[in-house]
Enquirer: 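The structure is given below, and queries will be raised subsequently.
Chain letters run A, B, ... following the sequence lines, proteins first and then strands; every chain starts at 1. As the structure is a computational prediction, the values presented were derived from the model and not from experiment.
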Amino acid sequence: MTPFTERIIGVIGDIPEGKVMTYGQIARQAGSPRAARQVVRILHAMSKKHRLPWHRVLNVRGEIAIQDDESAQLQRFLLEAEGVHVSDDGVVWLEEYQHRPDED
DNA sequence: GCCATGGCTAGTA
DNA sequence: GCCATGGCTAGTA
């Protein structure tokens, strides 16, 4: 596992319950502002093994970005279970729920 | 060669 | 809607 991957995993693992971050924000936080797509990949590949709160990661508009319906439903369920409100079309209000470590 | 992005433009209303 | 991006991974040699 590369240092880059470890940083991404660290950032994702630090998202508190009831909060969300965006792909690009996680990439920036890990020091690679353009690596949003890698965040996608790493989430997919590492979520299980590293017990990552993958469901707390959304796209820049606060949308559930996952394509697969079942997984998208699960993501919504997990978010709502920890108090994050998800609109009918799968959008979370970032103003309220986005986790902002330090600054960003 | 892939991609669960993101930012910019183009086109519609 | 288009396409640059960046790190990983698959596949070839």
Enquirer: If you compare every side-chain N and O of A/Thr5 against the phosphate oxygens of C/dC8 (OP1, OP2), does one of them come in below 4.0 Å?
Expert: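 For C/dC8, OP1 or OP2 has a side-chain N or O of A/Thr5 closer than 4.0 Å.
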Enquirer: Under 4.5 Å between any side-chain heavy atoms of A/Leu43 and A/Ile12, yes or no?
Expert: yes
Enquirer: Can you tell me how far P of B/dA4 sits from CG of A/Leu78, to the nearest Å?
Expert: 19 Å
Enquirer: Can you give the dot-bracket line for DNA chain C, where a pair is Watson-Crick or G-U wobble with both atom distances under 3.5 Å, crossing pairs use [ ], and | marks a partner on another strand?
Expert: ||||.|||.....
Enquirer: Working to the nearest 0.5 Å, report the span between CH2 of A/Trp54 and CD1 of A/Ile66.
Expert: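 That separation rounds to 5.0 Å.
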Enquirer: Whole Å only: how far is the CZ atom of A/Arg7 from the C1' atom of C/dG6?
Expert: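 It is 13 Å, rounded to the nearest whole Å.
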Enquirer: Would you check if A/Pro53 and A/His55 make a side-chain contact, meaning some heavy-atom pair closer than 4.5 Å?
Expert: yes
Enquirer: Not counting sequence neighbours, which residues clear salt bridge (Lys or Arg N to Asp or Glu O under 4.0 Å) with A/Glu82? List them please.
Expert: A/Arg56
Enquirer: Can you tell me how far the CG atom of A/Leu94 sits from the NE2 atom of A/His99, to the nearest 0.5 Å?
Expert: 13.5 Å
Enquirer: Excluding sequence neighbours, so at least two apart, what forms salt bridge (Lys or Arg N to Asp or Glu O under 4.0 Å) with A/Arg34?
Expert: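 None.
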Enquirer: Measuring from atom CD1 of A/Ile64 to atom CG of A/Leu79, what distance do you get when rounded to the nearest 0.5 angstrom?
Expert: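 With rounding to 0.5 Å, CD1 (A/Ile64) is 6.0 Å from CG (A/Leu79).
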Enquirer: Drop me the distance from A/Met46's CE to A/Arg51's CZ, to the nearest 0.5 angstrom.
Expert: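 Rounded to the nearest 0.5 Å, the CE-CZ separation comes to 15.5 Å.
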Enquirer: For a quick check of understanding: with a heavy-atom distance under 4.0 Å over all strands, which category does A/Phe4 fall into, base, sugar-phosphate or nothing?
Expert: sugar-phosphate
Enquirer: Does one hydrophobic cluster hold both A/Val57 and A/Phe77, with members joined at side-chain heavy-atom distances below 4.5 Å?
Expert: yes
Enquirer: In this structure, how many angstroms lie between the C1' atom of B/dT5 and the CD1 atom of A/Ile8, rounded?
Expert: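 About 13 Å, once rounded to whole Å.
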Enquirer: Please determine, for the side chain of A/Ser32, which listed nucleotide (B/dA4, C/dG7, C/dC8) has the closest atom?
Expert: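 Selected nucleotide (nearest to the side chain): C/dG7.
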Enquirer: Output the rounded distance in Å from CG (A/Leu79) to C1' (B/dA4).
Expert: 14 Å
Enquirer: Between residues 38-73 of chain A and DNA chain C, which residues have a heavy-atom gap below 4.0 Å?
Expert: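 Listed by number, they are A/Gln38, A/Arg41.
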Enquirer: Do any pairs count as a salt bridge (charged side-chain N to carboxylate O under 4.0 Å, His left out) and have a residue in residues 59-81 of chain A, sequence neighbours left out, and if so which ones?
Expert: A/Arg61-A/Glu63, A/Arg76-A/Glu80
Enquirer: Could you tell me the separation between the CZ atom of A/Arg34 and the C1' atom of C/dT5, rounded to a whole number of Å?
Expert: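 Value for this atom pair: 8 Å.
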Enquirer: Contacts to DNA chain C from residues 84-94 of chain A, heavy-atom cutoff under 4.0 Å, which residues?
Expert: none
Enquirer: Which heavy atom of A/Gly62 sits nearest to which heavy atom of A/Leu58, and what is that distance?
Expert: O-CD1, 3.7 Å
Enquirer: Would you mind classifying the nucleic acid contact of A/Arg37 as base, sugar-phosphate or nothing, using non-hydrogen atoms under 4.0 angstrom?
Expert: base
